[in-house]
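First the structure, in the form of structure tokens, and then the observations on it.
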Amino acid sequence: MDCLDAQSVISSSLDREPVEDAVLAQAKEHCRECPACSAFVRTLLVIRHSPVPAAPDDLADRVMAAVRAEATAQADADAQAAAAQADPETTPAPQPSEPDEDDSAASRRLPSRTSLLMRLQHVRVPAWLGRPAAGWIMAAAVFLVAAGVLGVEGLRQMSGQQSRSTLSATSAEKGASQDAASPSVPSSASAAASVAGGVTEAASPPQAVTYNGIVYVNAGQATVARGTLKQVGFTTTALGETGSATRRTVFGDSDASHIYIADKKDQLYAFARVTRAYGGLTYALTSSELPAFGQWPALPTQIQPPQAPDGSPTFALVGTDNSGVRVFRLSSATITLGIAIAPGSPATDSAAGNPGWTWWEPIR
């Protein structure tokens, strides 16, 4: 594999395009041995984990003001055109608008994305402006979405296509379909996060089990027939039932992202593997044994807990993921061995609420 091929494969992998494992392995091996390609990969990772530029503070207000002015001018022009057809001599000539002298200064101010979104969500198009104005409003909204100022939910609300209650459901659906760059956690009756989206709603321990050291969270009653599953191993857990932990059979299928365990009533439940992505790799949450529901995943016994908030001496900071969560590695190893997440991660992260450090190992 030459440099061009290796760089193309690595770029595709970081862009989450499908790449064969064997081809990706060859590209990584080439980049490890080639100084130029190694520098290329480091540059890509720096760019990928750099903070997203923010829009000017009053961009939303200025865009919407311009939209309203344009819509009003269009309405006046239409009215004048209609009047001109009836009596051309009485129609006043349109007056040019004055430029905004504060444009350059305003463009240098940085925004609060949340405040911009809140302001935009309450924009209402006056009925007298008519359908053309609504089109201008939506065009501005699309521009703001592209600029990173307005979210999709705000766009839908501005268009009047959804109520606030519907927007809440849409946000949950959006979380459930996030790409692989975001942490993935399944839901449960008392779990803190939603399925695959990692949207934490409450800082309570999840309904989790461990199997081969990997954390799986209760995703509800299984929707697959037991006859389609095969026995893959055992785990010791009390689930959410009273009494001590017992040895239970673990079932699985061709999709390694889920396992299945039966309760005392022989009701089969699905458990989904908790994952996150960083540096082109997908990592699974690991933990010491979780003998019952309601316990936080903890560092595996072979990982020494750090002595300081900065992770030292056990961990060293390597950067942040696409969600802004700080990522650490072992001080004596690379991220290919695993990564650690500190307590206090944002509410949108799958580790949110956990009072301790968590350890994530790459999925082979």
Side-chain angles (χ1 to χ4, degrees), residues 175-176 178 182-223 229 232-253 255-265 267-277 282-303 305 325 338-363:
Q178 286 182 334
S182 298
S184 173
V185 182
S187 66
S188 65
S190 64
S194 66
V195 176
V199 181
T200 303
E201 297 177 351
S204 59
Q207 296 182 353
V209 299
T210 55
Y211 172 62
N212 290 338
I214 304 298
V215 176
Y216 292 79
V217 177
N218 184 11
Q221 292 187 8
T223 58
L229 304 174
V232 295
F234 300 90
T235 188
T236 301
T237 176
L239 298 180
E241 302 168 338
T242 58
S244 59
T246 59
R247 190 167 185 257
R248 300 174 190 259
T249 302
V250 176
F251 299 91
D253 55 18
D255 183 3
S257 65
H258 287 75
I259 60 173
Y260 302 85
I261 303 173
D263 62 10
K264 290 181 179 179
K265 298 180 180 179
Q267 173 63 56
L268 196 65
Y269 285 84
F271 289 79
R273 183 174 57 193
V274 184
T275 62
R276 68 189 313 124
T282 300
Y283 296 83
L285 176 61
T286 67
S287 176
S288 54
E289 190 173 79
L290 299 174
F293 287 170
Q295 299 182 13
W296 287 108
L299 290 176
T301 54
Q302 70 270 22
I303 303 294
V325 177
I339 58 176
I341 302 298
S345 58
T348 53
D349 186 62
S350 56
N354 195 320
W357 288 77
T358 53
W359 180 248
W360 307 69
E361 295 185 354
I363 298 175

If you round to the nearest 0.5 Å, how far is [atom2] of [Y] from [atom1] of [X]?
{"X": "I214", "Y": "L285", "atom1": "CD1", "atom2": "CG", "value": "8.0 Å"}
{"X": "K264", "Y": "R248", "atom1": "NZ", "atom2": "CZ", "value": "7.0 Å"}
{"X": "L299", "Y": "T286", "atom1": "CG", "atom2": "OG1", "value": "7.5 Å"}
{"X": "T235", "Y": "L290", "atom1": "OG1", "atom2": "CG", "value": "8.5 Å"}

Would a 4.5 Å heavy-atom cut-off, applied to side chains only, mark [X] and [Y] as touching?
{"X": "N218", "Y": "P206", "answer": "no"}
{"X": "R276", "Y": "I339", "answer": "yes"}
{"X": "F271", "Y": "V250", "answer": "no"}
{"X": "S350", "Y": "W360", "answer": "yes"}
{"X": "W359", "Y": "S287", "answer": "no"}
{"X": "V232", "Y": "Y211", "answer": "yes"}

Item checked: Donor-acceptor contact present, side-chain T236 to main-chain R247, <3.5 Å ->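 Side chain of T236 to backbone of R247: no pair is present.
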Checklist line | Listed partners of S345 passing side-chain hydrogen bond (donor to acceptor under 3.5 Å, both in side chains), at least two apart | finding: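 Partners of S345 under the side-chain hydrogen bond (donor to acceptor under 3.5 Å, both in side chains) test: D349.
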For [X] and [Y], which heavy atoms make the closest approach, and how far apart are they?
{"X": "R273", "Y": "A256", "result": "NH1-O, 3.5 Å"}
{"X": "V215", "Y": "A208", "result": "CG1-CB, 4.0 Å"}
{"X": "A222", "Y": "Y260", "result": "CB-CD2, 3.8 Å"}
{"X": "T358", "Y": "A351", "result": "OG1-CB, 4.1 Å"}
{"X": "L239", "Y": "A262", "result": "CD1-O, 4.0 Å"}
{"X": "A238", "Y": "G243", "result": "CB-O, 3.7 Å"}

Next item on the list: Report the C-alpha distance between I259 and V209 in whole Å, list the side-chain angles of each, state the deciding distance to 0.1 Å, and finish with yes or no for side-chain contact (heavy atoms from CB on, under 4.5 Å).
Entry: CA-CA 10 Å; I259 60 173; V209 299; 4.3 Å; yes
Next item on the list: Applying side-chain contact (heavy atoms from CB on, under 4.5 Å), run through I341 and N354 and close with a yes or a no.
Entry: CA-CA 10 Å; I341 302 298; N354 195 320; over 6 Å; no
